[in-house]
Amino acid sequence: GNSVTQMEGPVTLSEEAFLTINCTYTATGYPSLFWYVQYPGEGLQLLLKATKADDKGSNKGFEATYRKETTSFHLEKGSVQVSDSAVYFCALANSGGYQKVTFGTGTKLQVIP
Amino acid sequence: KAGVTQTPRYLIKTRGQQVTLSCSPISGHRSVSWYQQTPGQGLQFLFEYFSETQRNKGNFPGRFSGRQFSNSRSEMNVSTLELGDSALYLCASSLAPGQGAHEQYFGPGTRLTVT
């Protein structure tokens with residue numbers, strides 16, 4: 001079955017530091033890949049997505065590239081802010097039909113001033 | 001456009017009771033999925049509904065059930081509550097399975113505490 005593996009947190013960074021959160025996946029076929037973010041006390045929000053190999057998703061300074069050869073979808077940001085403190089979830093879904101979305105366990109990011 | 005709404009936001013129940021949670025999807029969205037989020041197990045898929053039919057189900061006991069109405073609103077029910085059912089229950093809506101590459105929009109969740 002499908003699975004998503006994320007690096008364990010929490011990750012603590014100083015403001016303006018570079019962020020990488022690793023995500024690798026196992027899936028059949030050609031899944032779509034997502035990063036969701038959950039701020040304290042809220043539900044998940046879609047941050048970015050990529051639907052095919054070599055696609056780069058980007059939003060709010062965050063980027064992730066769909067690497068089929070390494071089955072990875074690492075999240076990066078060049079300069080984090082305190083407001084980026086949240087839990088980040090990597091997820092995948094096979095295209096078409098009634099396929100459930102598979103989430104990683106989440107990585108908590110804390111950015112300190 | 002209004003987002004996904006869930007009611008109630010907080011709920012406290014005792015063991016053995018049952019509970020019903022409600023979810024109203026974004027207007028025009030016809031697919032609703034439910035997830036259980038706990039610190040120990042993370043985000044676990046419960047079930048997905050589309051056109052009033054359950055299309056997919058996760059690995060939860062039969063005490064967990066749901067339904068979807070003709071206006072796409074959904075409810076989930078948990079009977080004979082156990083302490084381990086304490087969790088944040090999240091609802092997510094999407095246009096339809098297979099459309100928008102499963103881009104889901106989440107509600108704020110219902111925090112259920114079982115004592």
Side-chain angles (χ1 to χ4, degrees), chain A residues 1-10 21 23 25 27 29-53 55-59 64 66 73 86-108, chain B residues 3-7 9-10 21 23-26 29-51 53-60 66 68 87-111:
Chain A
N2 295 342
S3 67
V4 176
T5 302
Q6 286 182 239
M7 62 185 288
E8 290 202 15
I21 300 178
C23 170
Y25 68 90
Y30 301 93
S32 295
L33 302 175
F34 308 86
W35 277 100
Y36 284 85
V37 58
Q38 185 176 31
Y39 297 102
E42 299 182 12
L44 279 70
Q45 301 175 26
L46 179 67
L47 182 59
L48 53 85
K49 69 177 182 181
T51 58
K52 61 183 187 297
D55 264 3
K56 177 186 283 188
S58 62
N59 186 26
Y66 188 163
F73 193 54
V87 180
Y88 292 81
F89 292 89
C90 185
L92 72 81
N94 288 105
S95 59
Y98 304 111
Q99 302 289 338
K100 67 181 181 181
V101 179
T102 302
F103 286 87
T105 53
T107 302
K108 184 175 182 178
Chain B
V4 178
T5 58
Q6 292 187 246
T7 57
R9 291 292 311 277
Y10 302 92
L21 312 181
C23 171
S24 293
I26 290 172
H29 284 193
R30 297 169 60 201
S31 174
V32 173
S33 298
W34 288 89
Y35 296 86
Q36 181 195 64
Q37 186 178 26
T38 59
Q41 299 296 319
L43 205 62
Q44 293 189 291
F45 173 78
L46 280 156
F47 25 66
E48 178 183 21
Y49 286 87
F50 175 71
S51 292
T53 301
Q54 187 180 93
R55 304 292 179 171
N56 222 327
K57 189 178 190 303
N59 297 322
F60 278 81
Q68 186 181 35
L88 181 67
Y89 289 89
L90 292 166
C91 165
S93 76
S94 59
L95 282 169
Q99 295 185 16
H102 290 275
E103 186 170 325
Q104 296 192 322
Y105 295 81
F106 283 79
T110 295
R111 172 74 63 186

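Just so it is clear: chains get the letters A, B, ... in the order the sequence lines come, proteins before strands, and each one is counted from 1. Note that the structure is predicted; figures quoted are calculated from it, not measured.
- A distance of 11.5 Å separates CD in B:Gln44 from OG1 in A:Thr105, rounded to the nearest 0.5 Å.
- Taking the six-membered ring for Trp, B:Phe45 and A:Phe103 have ring centres at least 6.0 Å apart.
- Counting heavy atoms from C-beta outward, A:Leu46 and B:Gln104 have side chains that stay 4.5 Å or more apart.
- Neither the backbone nor the side chain of B:Arg111 comes within less than 4.5 Å of any heavy atom in chain A.
- The local environment of NZ in A:Lys52 is sparse, with at most 12 non-hydrogen atoms from other residues, nucleotides or ligands closer than 6.0 Å.
- Note that CD of A:Gln45 is 11.0 Å distant from OH of B:Tyr105, once rounded to the nearest 0.5 Å.
- When each of B:Pro108, B:Gly42, B:Gly109 is checked for heavy-atom pairs under 4.5 Å with chain A, B:Pro108 comes out on top.
- Atom CG of A:Leu44 is separated from atom CG of B:Leu43 by 6.0 Å, given to the nearest 0.5 angstrom.
- The 12-atom threshold is not exceeded at CD of A:Glu8, counting heavy atoms of other residues, nucleotides or ligands nearer than 6.0 Å.
- A distance of 6.5 Å separates CD of A:Gln38 from CG of B:Leu88, quoted to the nearest 0.5 Å.
- In this structure, A:Lys108 has no salt bridge (Lys or Arg N to Asp or Glu O under 4.0 Å) partners at least two apart in sequence or on a different chain.
- Taking all atoms of both residues into account, the shortest heavy-atom contact from B:Gln37 to A:Phe89 is NE2-CZ, 3.4 Å.
- For a residue to count as touching a neighbouring chain, one of its non-hydrogen atoms must lie under 4.5 Å from one of that chain's; by this rule B:Gln41 does not touch chain A.
- Interface remark: B:Phe47 contributes no atoms to any contact with chain A (heavy atom separation under 4.5 Å).
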